[in-house]
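One structure is given below, encoded as structure tokens.
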Amino acid sequence: MRGSCWLNRRIEQRFRLLAISTVKSAKIKLLLFCCVALTLLAFSSTGSSFLLWNNTNQTPQIPSFTDSRKGYSIVMNTWKRYDLLKQSIKHYSSCPRLESVHIVWSEPNPPSESLLKYLHHVVKSKSRDGRYVKLRFDINTEDSLNNRFKEIKDLETDAVFSIDDDVIFPCSSVEFAFDVWQSAPDAMVGFVPRVHWVDSLNGDSNKFRYGGWWSVWWTGTYSMVLSKAAFFHKKYFSLYTNEMPSSIREFVTKNRNCEDIAMSFLVANATGAPPLWVKGKIYEIGSTGISSLGGHSERRSDCVNIFTSVYGRMPLVYTSVKAVDSRNVWFW
């Protein structure tokens with residue numbers, strides 16, 4: 001009798017263990033099934049987005065504005081690099097909300113007829129749905145880096161995208177940066193951040209050093225975005241030409257450097273706010289510039305200190321904010 005009871009208990013315990021094991025196994029299988037299903041769903045949506053990118057080379061289109069003041073104008077600085085100029089104009093002419101292109105021309109001779117004909121043809125060929133990008137050459141008699149910030153009388157948009165002729169950004173990145181600028185139209189919004197810091201090596205809190213990209217990467221902080229690829233309001237053209245201390249413009253003309261730092265100082269002094277850095281892929285299509293020359297950082301540091309002295313204070317403001325288009329990245 002006892003043996004029979006003991007045997008029944010053992011059988012009952014085994015059935016319980018089997019049932020528990022079965023339930024646990026079922027839960028694990030259900031959990032694995034859910035994980036697989038979610039993974040497949042994620043890859044499915046990502047895959048369709050990837051195919052869309054491969055087919056159109058664009059992110060989902062943002063509705064365009066009919067008011068020309070809602071678009072933006074490109075102001076492109078160039079100097080005897082006609083192949084690069086052609087390549088850049090051909091690329092940017094297809095950007096959806098671009099209204100006009102103004103080429104800052106400071107060469108002794110006017111643009112050739114062949115160059116004019118080619119660029120107008122390229123711009124016209126990119127027109128679609130009744131949209132036509134206006135092309136203008138702003139001819140200057142003096143060769144000065146200040147020319148890129150001269151006031152443009154027939155500029156129809158508030159937003160200006162200042163760009164060099166040797167850098168290319170995807171139109172999707174430019175359009176996103178324009179959206180960011182619209183949220184802060186008094187700020188400089190750009191792709192190339194730089195930083196300044198107190199020159200602690202000399203023990204003088206009133207002396208500063210200019211920091212390049214690696215300084216920004218190491219500290220996660222910046223205080224400038226360079227005008228080689230930046231949005232800002234057209235009103236700063238007038239401030240730069242008419243209100244900024246003339247000694248700064250004279251320094252830029254004489255030394256052929258630091259007009260971008262001068263614009264950063266101007267905007268920071270006017271707003272008391274930092275710039276905004278937009279993450280974007282940059283394609284350098286030209287040869288190395290003055291930044292690759294020896295002593296570049298020292299000369300830029302001199303600019304920072306001279307401009308600080310002219311303003312009577314350091315107007316640049318630090319920030320660690322970075323704008324990222326989350327539609328194109330897994331983690332942001």
Side-chain angles (χ1 to χ4, degrees), residues 45-65 70-78 81 83-103 119 122-129 131-135 157 159-184 187-194 213 216-217 222 225-232 260 275-287 289 321-332:
S45 60
T46 305
S48 61
S49 297
F50 180 73
L51 290 174
L52 177 64
W53 170 260
N54 280 345
N55 290 333
T56 65
N57 200 29
Q58 293 181 353
T59 54
Q61 291 296 311
I62 301 171
S64 60
F65 297 91
K70 296 296 184 181
Y72 58 90
S73 299
I74 281 180
V75 176
M76 183 176 294
N77 197 48
T78 187
R81 299 189 291 192
D83 289 340
L84 300 185
L85 178 62
K86 291 176 181 179
Q87 188 174 343
S88 293
I89 297 300
K90 183 176 181 180
H91 168 72
Y92 289 114
S93 294
S94 61
C95 293
R97 287 180 286 177
L98 176 65
E99 294 289 338
S100 62
V101 176
H102 294 257
I103 299 173
L119 293 180
V122 165
V123 169
K124 187 176 180 180
S125 67
K126 296 291 182 177
S127 301
R128 59 182 182 274
D129 301 327
R131 169 185 167 272
Y132 179 74
V133 176
K134 299 175 183 177
L135 179 66
T157 66
V160 172
F161 184 47
S162 174
I163 187 78
D164 284 353
D165 60 2
D166 61 347
V167 290
I168 294 287
F169 290 90
C171 283
S172 57
S173 296
V174 178
E175 296 287 309
F176 175 68
F178 177 50
D179 289 331
V180 175
W181 177 84
Q182 287 182 306
S183 69
M188 283 190 75
V189 176
F191 294 98
V192 187
R194 293 295 183 262
W213 161 246
V216 175
W217 179 83
Y222 64 99
V225 291
L226 300 187
S227 56
K228 66 183 295 181
F231 276 96
F232 51 80
D260 48 1
L276 286 170
W277 170 24
V278 176
K279 181 180 179 181
K281 178 64 176 177
I282 182 172
Y283 297 92
E284 302 271 3
I285 61 174
S287 58
V321 174
K322 179 169 68 173
V324 179
D325 189 349
S326 61
R327 295 170 297 178
N328 296 329
V329 294
W330 279 89
F331 302 102
W332 53 282

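Of all heavy-atom pairs spanning P275 and V225, the tightest one is CB-CG2, 3.8 Å. The minimum heavy-atom distance between A177 and F191, with the atom names listed, is CB-CZ, 3.6 Å. Between G71 and E99 the shortest heavy-atom distance is CA-CG, 3.9 Å. Minimum interatomic distance between M188 and A230 (heavy atoms only, all atoms of both residues): CE-CB, 4.0 Å. Summarising the geometry of S100 relative to V133, their closest heavy-atom pair is CA-CG1, 3.9 Å, with the distance given to 0.1 Å.
Side-chain atoms of Y283 and P170, non-hydrogen and from C-beta on, do get closer than 4.5 Å to each other. At least one side-chain heavy atom of I168 sits less than 4.5 Å from a side-chain heavy atom of Y92. In this structure, the side chains of I103 and T78 come closer than 4.5 Å at one or more pairs of heavy atoms. Under the 4.5 Å side-chain criterion, counting only non-hydrogen atoms from C-beta, F169 is in contact with I282. Two residues are said to be in side-chain contact when any heavy atoms from C-beta on lie closer than 4.5 Å; F176 and V278 meet this criterion. Within the 4.5 Å cutoff, no side-chain heavy atoms of F161 are placed close to those of S73. With a 4.5 Å cut-off on side-chain heavy atoms, V101 and I89 count as touching. Residues V192 and W213 are not in side-chain contact: their nearest non-hydrogen atoms beyond the backbone lie 4.5 Å or more apart.
Under the 3.5 Å distance criterion, the side-chain polar atoms of D325 are matched with a main-chain donor or acceptor of R327. Although no hydrogens or angles enter the test, the distance criterion places a donor-acceptor pair under 3.5 Å between the side chain of S88 and the main chain of D165. A donor-acceptor distance shorter than 3.5 angstrom exists from the side chain of S162 to the backbone of S227, with no hydrogens or angles considered.
Taking NZ of K126 as the start and NZ of K90 as the end, the distance is 6.0 Å to the nearest 0.5 Å. Within the model, atoms CD1 of I285 and CD of Q87 stand 4.0 Å from one another, a figure rounded to the nearest 0.5 Å. Interatomic distance, CG of D166 versus CG of D83, reported as 13.0 Å (0.5 Å rounding). To the nearest 0.5 Å, atom OG of residue S93 and atom NZ of residue K124 are 14.0 Å apart. Rounded to the nearest 0.5 angstrom, R131 CZ and S94 OG are separated by 7.5 Å. Between the CD1 atom of I74 and the OG1 atom of T157 there is a distance of 10.0 Å, given to the nearest 0.5 Å.
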- Would E175 and R97 satisfy salt bridge (Lys or Arg N to Asp or Glu O under 4.0 Å), going step by step from the backbone distance to the final call? CA-CA 7 Å; E175 296 287 309; R97 287 180 286 177; 2.7 Å; yes
- Task: Check the pair Y72, V174 against side chain to side chain contact (heavy atoms under 4.5 Å, CB included), reporting the backbone distance first and the verdict last.
- Result: CA-CA 10 Å; Y72 58 90; V174 178; 3.5 Å; yes
- Worked check of salt bridge (Lys or Arg N to Asp or Glu O under 4.0 Å) between E284 and K228: CA-CA 11 Å; E284 302 271 3; K228 66 183 295 181; 3.7 Å; yes
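Under the 6.0 Å cut-off for aromatic ring centres, F231 and F178 qualify, their centroids lying closer than that. Aromatic ring centres of W217 and W277 lie farther apart than the 6.0 Å criterion allows.
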